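Here the structure comes first, spelled out in structure tokens, and everything after it is commentary.
Note that this is a predicted model, so its numbers are computed, not measured. In what follows, chains are A, B, ... by sequence order, proteins preceding strands, each numbered from 1. No hydrogens, no waters, no symmetry mates; every other heavy atom, side chains included, goes into these values.
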Amino acid sequence: MTSISTIMSTTLSALNAQQAAVNITGNNIANVNTDGYSRQDVVISSTLNGTAANGKRVYDAFLTNQISDANQDLGKCEAETKYLDNVEVIFDESEGSGLSEAMSDFWNGWQDLVNDPSDSSARSLLAAGADTLATAFNSIAADLAEIQAGIDDDIVVAVGNVNSILEQIADLNQRLVRADANGQDTGAYKDSIDSLVSELSSLVDVNTHKNDLGQTCIQLADGKPLVEGGTAWSLATETNATKGLQDITWIDEGGIATVVTDDISGGKLGGCLEVRDTLITVYQKQLDALAVSIMEAVNDLHTDGYDLEGKAGGTFFTGTGAEDMAVTAAILADPSKIAAASADGATGDGTIAASIAALADTLLLDSGTSTFSEYYNSLVGKIGAAVETATTQYETLTDAVTALKNLRDSVSGVSLDEETTKLALYQNAYAAAAKVMTALDEMLKTMIEM
Amino acid sequence: MRVTQNMMVNDAIKWITKQTKELNDASIIVASGKQINKPSDDPAATEQILADRTTLSSYAQYLSNIDQANTWIEAGNETLEAVSTLLQKAEDIVMDLDTAEDNDTASSANEQLESIYEQLIALANTRFSGDYIYGGDHADTIPFPDEVAISNGTPADVVFALSAAASNVTIEITDTDGMVVRTLTVTSGGSKGNNTIAWDGCDDSGNLLSDGVYDFTISAADAGGDEVAAYAAYRGDTGGKEIIVGENSTVEMNRDGGALFSKTLSALRQTITALNNNSCDDALISESGNSLAEAIDLVTAEQVRLANIASQLSTNEKRWDNLTTTVESSLSAVETGSVEQAAVVFNARETAYKVVLETTGTILKLPKLSDYM
């Protein structure tokens with residue numbers, strides 16, 4: 001025999017359950033625009049004496065991992081695109097005012113000197129043209145070094161961000177375990193950790209796994225721990241003694257730093273290192289090779305010649321690479337020191353100048369297959385291709401990440417229409433339960449008045 | 001698949017970003033008038049553009065070289081024309097000599113020849129844009145000096161040529177006023193061809209003269225006391241003027257004043273000397289006449305050579321002009337592309353952009369379930 005009080009208690013549980021369901025739905029609606037929020041499904045189950053509503057986090061671990069992986073690639077590519085764009089600007093020849101033109105002008109200057117070897121204005125123009133060429137090399141080299149320094153600044157900032165994320169994750173790991181022990185809802189913590197891991201992935205390539213307590217553990221690609229339960233390690237930077245650039249280090253429990261620069265290949269840091277250490281270094285080397293071979297070839301011939309005063313020609317260019325290439329100061333100060341003639345006193349002879357002018361068409365680079373300008377043009381082409389590839393890849397990855405996020409949203413995202421429908425459902429159920437309660441109340445009254 | 005409002009918004013944002021970028025790219029092409037605005041727009045085409053620009057720059061340089069060479073040729077032609085006229089005149093004078101029986105005619109002929117000699121020297125010493133055009137590679141050394149300079153207290157050597165060996169040579173050095181400041185007697189005499197005599201730069205009293213240019217006159221006589229012809233020695237060399245007309249392709253202009261003038265000057269001077277010595281006979285006249293005729297031939301040959309070079313240059317000039325046009329149009333095809341096409345693409349992008357905006361607007365205004373409850 002069911003007593004009225006039993007029915008009342010069952011009805012009360014129904015009222016509570018619908019209220020809880022409305023609460024969960026409300027929570028979902030409130031977080032409709034929260035990044036990384038996983039909606040909670042209302043699970044209403046019957047209990048011994050009525051019903052109960054619980055929230056269940058709707059979540060796909062596989063998708064979350066995929067987003068992290070894609071973020072790693074996207075972060076790397078984003079960094080690469082950003083810095084390569086800067087590199088490309090340095091080699092921007094679209095207005096025809098770059099190194100390519102400076103080289104043409106330089107070689108043409110020698111031809112002008114051949115036309116009138118004793119002409120002081122031809123000499124001054126050539127000296128100025130050579131200076132422009134050297135300066136063009138200097139400024140490209142300096143700009144490349146500046147981009148490397150800029151990347152270093154970003155690396156230091158990114159390492160700081162990584163450390164802050166690691167600490168937050170370790171902290172959330174602790175809270176997660178505590179909340180779990182207290183039987184509290186841990187969905188918010190899990191969502192936050194997932195968001196942080198995703199953010200961390202966009203900075204550096206890491207491996208993650210869950211430990212027995214459900215905490216997220218993080219390691220560098222080479223296995224060095226970054227977060228283990230509630231403990232966080234940290235990364236740091238130090239200046240490399242030989243290169244003068246920043247190395248990334250991992251700090252162990254004892255505070256000892258180990259250089260891990262070469263083990264980082266993903267995320268923003270990976271992209272920074274790739275551009276700084278691989279791409280720009282290659283461009284610098286090629287630029288140096290070009291500068292050195294121009295200097296050597298010109299100097300070789302120039303020292304065989306004689307200047308206007310009949311003195312043997314000195315070195316035309318000084319320097320060891322693109323960075324410090326310069327026209328010999330004496331020549332800049334007095335262009336009559338340019339040795340155009342092949343014999344002492346032959347002021348009208350331009351044989352040496354003609355030989356130097358002919359260097360422009362000589363195949364001296366790429367094992368005797370390229371002229372100076374062909375070599376440089378192919379360098380510009382190479383940089384253009386690198387930028388093009390990085391940009392295309394960046395666009396593809398951006399799309400991929402958007403698609404993955406949409407997939408995640410498709411599972412975990414909040415749909416307002418869905419929630420509104422459910423809200424109406426729970427509201428109706430609540431109203432019905434209230435109706436039962438009213439009926440019971442009237443039944444009780446009837447009983448009392450009997 | 002379950003679709004949420006946020007997914008639609010994310011997609012809308014993605015497409016807006018994409019279409020904005022496309023529109024921006026298209027607008028850059030239309031605004032700059034160039035298909036390729038940075039290397040990454042088309043790396044291969046960028047290399048092509050740079051190569052084309054380098055090529056154009058070298059063509060322009062070849063054309064400029066040819067232009068300059070043409071002015072040289074013009075200067076050379078003018079000079080040779082004048083030389084030819086003078087030689088013609090000298091030949092006429094010499095040929096008329098055999099009818100000259102009295103001394104008056106001889107001395108007037110001598111005066112005229114003397115003046116022609118001076119003018120020839122002046123022509124042989126022609127400078128063009130600061131360089132002696134008949135001095136070989138020695139563009140800054142006067143090729144046929146009749147003067148000697150003292151610079152910074154250091155005197156130059158006196159250089160002259162003799163048509164035969166002489167036992168007595170006297171050098172009179174005069175200042176700009178025509179005053180004889182120094183008379184040098186060369187006791188060792190002089191040999192046939194070029195002679196170089198050192199001068200200490202001092203006047204007859206042994207005082208160092210001030211810096212400047214001094215004229216000199218040579219009087220030479222052989223052992224028999226007969227005057228030996230002295231003429232201006234050639235100080236230059238055989239070096240020609242190189243003109244770069246293309247890759248590994250040069251044209252050389254003759255600048256050897258020695259080959260062109262020395263014989264003529266010597267012949268003229270010998271005639272003058274013979275007239276001075278009163279030793280002008282039929283043999284000398286015919287010899288002089290022949291030498292002068294040879295000299296005229298030499299000049300004519302040089303003129304023909306210049307004409308040949310000029311025609312070579314003009315051939316090259318036409319070639320570079322044509323190639324410049326070809327490369328320019330190839331460059332513009334790659335770099336500029338078609339304006340119409342760019343405009344059409346821009347319009348298409350604009351339309352696509354509008355459509356995306358419209359769609360996004362519609363998505364954002366979509367009714368919600370709650371509107372109907």
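Inspection of the B/Asn10 and A/Thr402 side chains reveals no N or O donor paired with an N or O acceptor under 3.5 Å. For the residue pair A/Asp409 / B/Asn6, no side-chain donor-acceptor distance below 3.5 Å is found, with atom types taken as modelled. Inspection of the B/Glu47 and A/Asn377 side chains reveals no N or O donor paired with an N or O acceptor under 3.5 Å. Using a 3.5 Å distance cut-off with no hydrogens or angles, the side chains of B/Ser57 and A/Asp105 do not pair a donor with an acceptor. Between A/Asp361 and B/Asn248, the side chains place no donor N or O within less than 3.5 Å of an acceptor N or O (distance only, hydrogens not considered).
When all heavy atoms are compared, the tightest approach of A/Ser415 to B/Arg2 is N-NH2, 3.7 Å. Shortest non-hydrogen contact noted between B/Met373 and A/Ala424 is CE-CB, 3.3 Å. Heavy atoms only, all atoms of each residue included: A/Ala354 and B/Glu242 are closest at CB-OE1, 3.9 Å.
Atom CG of A/Asn115 and atom OG of B/Ser64 lie 6.0 Å apart (nearest 0.5 Å). If you take CE on B/Met1 and CG on A/Asn406, they are separated by 6.0 Å, rounding to the nearest 0.5 Å. The distance from the OG1 atom of B/Thr4 to the CG atom of A/Leu416 is 8.5 Å, given to the nearest 0.5 Å. Between A/Leu84 atom CG and B/Ser40 atom OG the span is 9.5 Å, to the nearest 0.5 Å.
Neither the backbone nor the side chain of B/Thr17 comes within less than 4.5 Å of any heavy atom in chain A. Residue contact with chain B, scored on non-hydrogen atoms closer than 4.5 Å, involves the side chain of A/Leu308 exclusively. Neither the backbone nor the side chain of A/Val89 has a heavy atom closer than 4.5 Å to any heavy atom of chain B. Heavy-atom distances place the side chain of A/Glu418, and not its backbone, under 4.5 Å from chain B. Heavy atoms closer than 4.5 Å to chain B are found nowhere in A/Arg408, neither backbone nor side chain. Residue A/Asn33 touches chain B through both its backbone and its side chain, counting heavy-atom pairs closer than 4.5 Å. Looking at A/Ser120, neither its backbone nor its side chain comes within 4.5 Å of chain B, counting heavy atoms on both sides. Using a 4.5 Å cut-off between heavy atoms, A/Asp112 contacts chain B through both its backbone and its side chain. With a 4.5 angstrom heavy-atom cutoff, A/Ala357 touches chain B only via side-chain atoms. At a 4.5 Å heavy-atom cutoff, the contact between A/Ser378 and chain B is made by backbone and side-chain atoms alike. Of the atoms belonging to B/Glu335, it is side-chain heavy atoms, and not backbone ones, that fall under 4.5 Å from chain A. When heavy atoms are compared at a cutoff of 4.5 Å, B/Gln68 approaches chain A solely by way of its side chain, counted from C-beta outward. For chain A, the nearby parts of B/Asn65 are the backbone and the side chain; heavy atoms of each come within less than 4.5 Å. Heavy atoms of B/Ala44 lying under 4.5 Å from chain A are absent altogether. In this structure, chain B has heavy atoms under 4.5 Å from both the backbone and the side chain of A/Thr420.
Between chain B and the residues A/Gly384, A/Ala341, A/Gly413, A/Ala343, the largest count of heavy-atom pairs under 4.5 Å involves A/Gly384. Most heavy-atom pairs under 4.5 Å with chain A, from the set B/Thr141, B/Ile49, B/Asp41, B/Asn37: that is B/Asn37.
Annotation: side chain of B/Gln5 is in contact with side chain of A/Asp417 (closest heavy-atom distance under 4.5 Å). With a 4.5 Å cut-off on side-chain heavy atoms, A/Lys382 and B/Pro43 do not count as touching. With a 4.5 Å cut-off on side-chain heavy atoms, A/Ile383 and B/Pro39 do not count as touching. Proximity of A/Ser373 to B/Leu50: side-chain heavy atoms (C-beta onward) are nowhere separated by under 4.5 Å. By the 4.5 Å heavy-atom criterion applied to side chains, B/Thr54 and A/Ser100 are counted as neighbours. Looking only at side-chain heavy atoms (C-beta outward), B/Arg53 and A/Ser104 stay at 4.5 Å or farther from each other.
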Practice item. Any chance you could lay out the side-chain contact (heavy atoms from CB on, under 4.5 Å) test for A/Asp116 and B/Ser129, step after step, and finish with the verdict? Key: CA-CA 9 Å; A/Asp116 198 347; B/Ser129 79; 3.2 Å; yes
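Checked by atom type and distance alone, the side chain of B/Lys14 never pairs as donor or acceptor with a backbone atom of A/Thr398 at under 3.5 Å. Here the side chain of B/Asp137 pairs no donor or acceptor atom with the backbone of A/Thr347 at under 3.5 angstrom. Side-chain N or O atoms of A/Gln111 include none that pairs as donor or acceptor with a backbone N or O of B/Tyr62 at under 3.5 Å.
Salt bridge present: B/Lys21 and A/Glu395 bring a charged side-chain N and a carboxylate O closer than 4.0 Å. The existence of a salt bridge linking A/Asp399 and B/Lys18 is confirmed by a sub-4.0 Å separation between a basic side-chain nitrogen and an acidic carboxylate oxygen.
Atom CG of B/Asp371 has more than 12 heavy atoms from other residues, nucleotides or ligands within 6.0 Å.
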